[in-house]
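Okay, so here's the structure we're looking at.
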Amino acid sequence: MERKLSEQEINRREALQEIKNLGIDPYPAETFEINTSAKDIKANYERNKTDYKSISIAGRLMSRRIMGKASFAEIQDSTGRIQIYVNRDEICEGEDKTLYNKVFKKLLDIGDIIGIKGFVFTTQVGEISIHVKELKVLTKSLRPLPIVKTDADGNVHDGFKDPEQRYRQRYVDLIVNPEVKDAFIKRTQLTNSMRSFLNNKGYLEVETPILQPLYGGAAARPFKTHHNTLDMTLYLRIANELYLKRLVVGGFDGVYEFAKDFRNEGMSRFHNPEFTQMELYVAYKDYEWMMDLVEEMVEKIAIDLHGTTKVQVGENTIDFQRPWKRYSMYGAIEEFTGVDISEMGESALRDTAKSLNVEVDDTMGRGKLIDEIFGECCEGKLIQPTFITDYPVEMSPLAKKHKDKEGLVERFEAICNGKEICNAFSELNDPIDQRARFEEQLELGKRGDDEAMVLDEDFLRSIEHGMPPTAGLGIGIDRLAMIMTNSNSIQDVLFFPQMRPEKNQTETDAEG
RNA sequence: GACUCGAUAGCUCAGCUGGUAGAGCAUCACACUUUUAAUGUGAGGGUCCUGGGUUCGAGCCCCAGUCGAGUCACCA
């Protein structure tokens with residue numbers, strides 16, 4: 001399929017050919033050794049000028065200002081941008097001025113990758129720059145890059161803003177929008193910080209199956225696939241909870257996994273079909289203990305990323321400093337609605353919900369009604385990190401019944417910026433009770449709930465061998481990353497968010 | 001899934017009452033040896049998302065669709 005080239009693409013292909021005609025390889029095989037970076041130069045040149053008399057650096061050409069026999073340009077490497085100064089008679093010492101007049105001025109374009117050698121100096125206007133002595137073409141770029149300019153006041157002009165193009169062509173987004181790159185670096189710092197916290201506690205990072213014969217550990221619709229050799233249905237995991245618990249049975253007292261999970265459900269700025277959760281299980285602990293751990297861990301992450309416990313998210317300043325506020329679910333509802341529902345039965349709850357303008361229907365049981373009231377009246381108002389504890393048993397088939405509150409389980413969620421960021425229980429380790437809860441789920445499934453859990457006989461067998469009392473946690477890494485990077489959409493913390501295929505793509509696999 | 005908004009040059013966007021498509025940056029040509037949103041002069045560049053319809057005539061109006069964003073629903 002021939003694609004029609006734009007004027008600028010034709011220019012670049014012609015320049016590519018001319019470069020080759022001059023005997024220059026536009027994609028050289030030999031290594032271009034570098035000994036510094038844009039960031040390093042800017043940070044350290046003023047203090048130690050002697051180290052920057054002979055530098056070698058490579059990057060992408062991002063702007064050019066040609067003034068006859070001398071030019072300024074900017075190159076961008078993985079650490080940032082730096083200005084370079086190119087003088088005709090210094091990069092072309094003899095009579096032949098081709099490298100400057102032809103290659104640099106005519107055949108190179110914004111977006112090309114070059115290597116330069118030279119020395120660092122400060123211009124008359126005070127900008128730390130590289131005085132170029134040698135210039136080498138490292139990669140010719142064949143497509144025009146969107147030009148993003150920032151003026152002296154910091155205003156961005158002609159940005160690359162169309163969300164569709166930014167997500168589909170993330171590589172371009174990353175090149176021209178530096179704040180995008182910063183967000184992803186922060187995301188990695190977040191997981192690094194969390195991982196080192198957990199390792200320092202002595203917990204073991206593990207890997208468990210993504211392809212599962214039975215999906216479990218959460219209430220969600222799965223992606224289904226097929227294994228040819230085994231001729232069997234497999235599901236992409238919706239959670240790894242039941243596997244990590246098997247490992248606790250097996251004698252690992254603290255295990256965790258950063259897990260890509262997959263849920264075949266709606267998409268929104270808070271939901272992507274594949275997303276990342278960190279799940280942690282620690283034996284001989286309960287949910288109270290786990291709350292302390294979550295506070296400690298997330299506070300540390302905020303400090304590692306921002307140097308402070310305070311993080312600006314939209315219009316809110318969120319302070320992760322311990323201790324966080326704790327409400328029981330009943331307490332939160334009473335706090336925000338003034339109604340004490342703790343003693344209410346199902347019909348009283350339904351009337352209460354209606355009086356609070358919460359939409360309900362007759363299929364909702366007690367637990368669902370409570371959850372609905374909480375979601376409508378409380379969750380969105382919880383901006384500062386807050387723990388909500390003690391959920392109705394109906395909604396939590398894997399959580400242990402509360403030690404002294406009838407009808408509730410030992411469960412908490414942390415809410416922050418109006419959204420759930422984690423979910424944790426004292427894990428149910430009574431195999432008889434667990435089987436009964438699964439059977440309730442099966443009943444829900446038979447009645448048409450396509451998100452009801454399935455019964456995992458091997459998991460039951462494992463806890464019949466005895467799982468120690470265990471605290472478990474699932475923390476949404478994408479949601480936490482959104483908060484820590486002040487991102488409005490999950491797509492801004494996923495390199496390649498899920499999208500429908502582009503219409504121009506070849507349709508080899510477009511069967512429905 | 002419902003509703004709202006959007007799609008025009010490589011990018012960001014205008015486009016009047018329906019009458020042969022516009023700007024800035026980018027590109028091309030020329031000038032310019034410390035510029036920085038470089039500057040000056042000139043030029044080129046379009047499947048107006050797709051397909052129908054109305055009309056003498058559609059970027060614009062109508063219908064259907066595609067893709068995206070937002071809100072809601074779903075996501076316990």
Side-chain angles (χ1 to χ4, degrees), chain A residues 4-12 14-15 62-74 81 83-90 100 105-106 109-111 121-127 129 131 141-169 172 176-177 218-221 238 263-273 275 359 364-365 367-372 374-375 391-399 411 413 419-420 423 441 444 449-453 488-489 491 497 499-505:
Chain A
K4 194 178 169 229
L5 298 178
S6 69
E7 180 195 27
Q8 294 194 48
E9 288 177 291
I10 291 165
N11 287 340
R12 282 167 183 251
E14 287 171 358
M62 296 303 286
S63 70
R64 265 192 311 176
R65 294 177 285 280
I66 295 172
M67 293 158 299
K69 299 178 184 64
S71 300
F72 285 92
E74 282 175 297
R81 287 193 192 187
Q83 178 169 267
I84 66 173
Y85 172 73
V86 185
N87 183 303
R88 186 192 70 183
D89 295 328
E90 296 201 49
Y100 183 78
K105 277 172 68 173
K106 301 290 181 190
D109 290 293
I110 287 171
F121 75 111
T122 307
T123 64
Q124 290 180 357
V125 238
E127 175 133 359
S129 306
H131 192 119
S141 156
L142 297 182
R143 288 188 185 243
L145 209 53
I147 303 298
V148 181
K149 295 194 174 187
T150 308
D151 67 21
D153 300 327
N155 303 312
V156 175
H157 300 262
D158 304 317
F160 181 57
K161 293 197 280 205
D162 177 19
E164 180 169 0
Q165 295 216 69
R166 289 184 43 224
Y167 300 146
R168 289 197 194 282
Q169 301 183 46
V172 175
V176 303
N177 291 325
R221 301 203 305 266
I238 58 173
R263 296 188 183 175
N264 205 341
E265 289 167 348
M267 291 166 63
S268 76
R269 68 190 183 93
F270 293 104
H271 299 87
N272 195 67
F275 65 102
E359 277 190 39
M364 291 178 178
K368 180 75 182 168
L369 286 165
I370 293 169
D371 190 64
E372 205 64 29
F374 175 77
Y391 284 62
V393 63
E394 297 92 326
M395 328 283 304
S396 315
L398 300 168
R411 168 178 175 181
E413 293 189 359
K419 277 278 165 187
E420 170 196 347
N423 183 19
Q441 290 288 313
L444 289 176
D449 183 346
D450 53 5
E451 290 176 346
M453 290 184 188
N488 199 39
S489 168
Q491 297 172 113
M499 302 196 85
R500 285 205 160 87
E502 285 176 86
K503 61 185 162 190
N504 290 336
Q505 281 187 337

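So that the names make sense, note that chain A is the first sequence line, chain B the second, and so on, each numbered from 1. Computation of the quantities below employed the complete heavy-atom set of this structure, encompassing side-chain atoms and omitting hydrogens, waters and symmetry-equivalent molecules.
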Would you sort out whether R263(A) and F275(A) count as a side chain to side chain contact (heavy atoms under 4.5 Å, CB included), showing the intermediate values? CA-CA 8 Å; R263(A) 296 188 183 175; F275(A) 65 102; 3.6 Å; yes
d(CG, D158(A); P, U12(B)) in whole Å: 9 Å
Within the 4.0 Å heavy-atom criterion, would you say F121(A) contacts the bases, only the backbone, or no part of the nucleic acid? base
P atom, C60(B) versus A64(B): distance in rounded Å? 16 Å
K105(A) side chain N/O closer than 4.0 Å to the phosphate oxygens (OP1, OP2) of C30(B)? no
What nucleic acid atoms does V176(A) come within less than 4.0 Å of, heavy atoms only: base, sugar-phosphate, or nothing? nothing
Nearest-Å distance for atom pair CZ/P, residues R168(A) and C49(B): 16 Å
Is the backbone N or O of E127(A) less than 3.5 Å from a side-chain atom of T123(A), with the two atoms forming a donor-acceptor pair by type? yes
Which nucleotide in C67(B), G70(B), U33(B) has an atom nearest any side-chain atom of R269(A): G70(B)
Length of the line joining Q165(A):CD and C67(B):P, which is rounded to integer Å: 16 Å
G10(B), OP1 or OP2 - any side-chain N/O from R143(A) closer than 4.0 Å? no
In whole angstrom, what separates E164(A)'s CD from C11(B)'s P? 12 Å
Tell me which nucleotide among U35(B), U33(B), C67(B) gets nearest to the side chain of D89(A). U33(B)
Would you say K4(A) reaches U47(B)'s phosphate, i.e. side-chain N/O to OP1/OP2 under 4.0 Å? yes
Pairing donors with acceptors under 3.5 angstrom, does anything connect the side chains of Q8(A) and S6(A)? no
Does any donor-acceptor pair link the side chain of N11(A) with the base of U27(B) at a separation under 3.5 Å? no
Return the nucleotide paired to G44(B): Watson-Crick means purine N1 to pyrimidine N3 with N6-O4 or O6-N4, wobble means G-U with N1-O2 and O6-N3, both under 3.5 Å. none
Sugar-phosphate, base or nothing in reach of E14(A), heavy atoms under 4.0 Å: nothing
Between atom OG of S63(A) and atom CZ of F72(A), what is the distance when rounded to the nearest 0.5 Å? 11.0 Å
D162(A) has a side chain; which of U12(B), U27(B), A69(B) sits nearest to it? U12(B)
For the base of U35(B), is there a side-chain donor-acceptor partner from Q83(A) under 3.5 Å away? yes
Hey, is the side chain of Q124(A) poking within less than 4.0 Å of OP1 or OP2 on U36(B), counting only N and O atoms? no
Please work out if F160(A) contacts a base, only the sugar-phosphate, or nothing of the nucleic acid, heavy-atom cut-off 4.0 Å. sugar-phosphate
F270(A) six-ring centre to K419(A) NZ/CZ under 6.0 Å and within 45° of normal: yes
Atom CZ of R263(A) to atom P of C74(B): distance rounded to whole Å? 17 Å
Ignoring hydrogens and geometry, is there a side-chain-to-backbone donor-acceptor pair from R64(A) to A73(A) under 3.5 Å? no
Is the NZ or CZ atom of R411(A) positioned over Y391(A)'s six-membered ring, under 6.0 angstrom from the centre and within 45° of the axis? yes
Starting at the 5' end of nucleotides 38-45 of chain B, put B wherever the base has a protein heavy atom under 4.0 Å, S where only the sugar-phosphate does, and a dash everywhere else. B-----BS
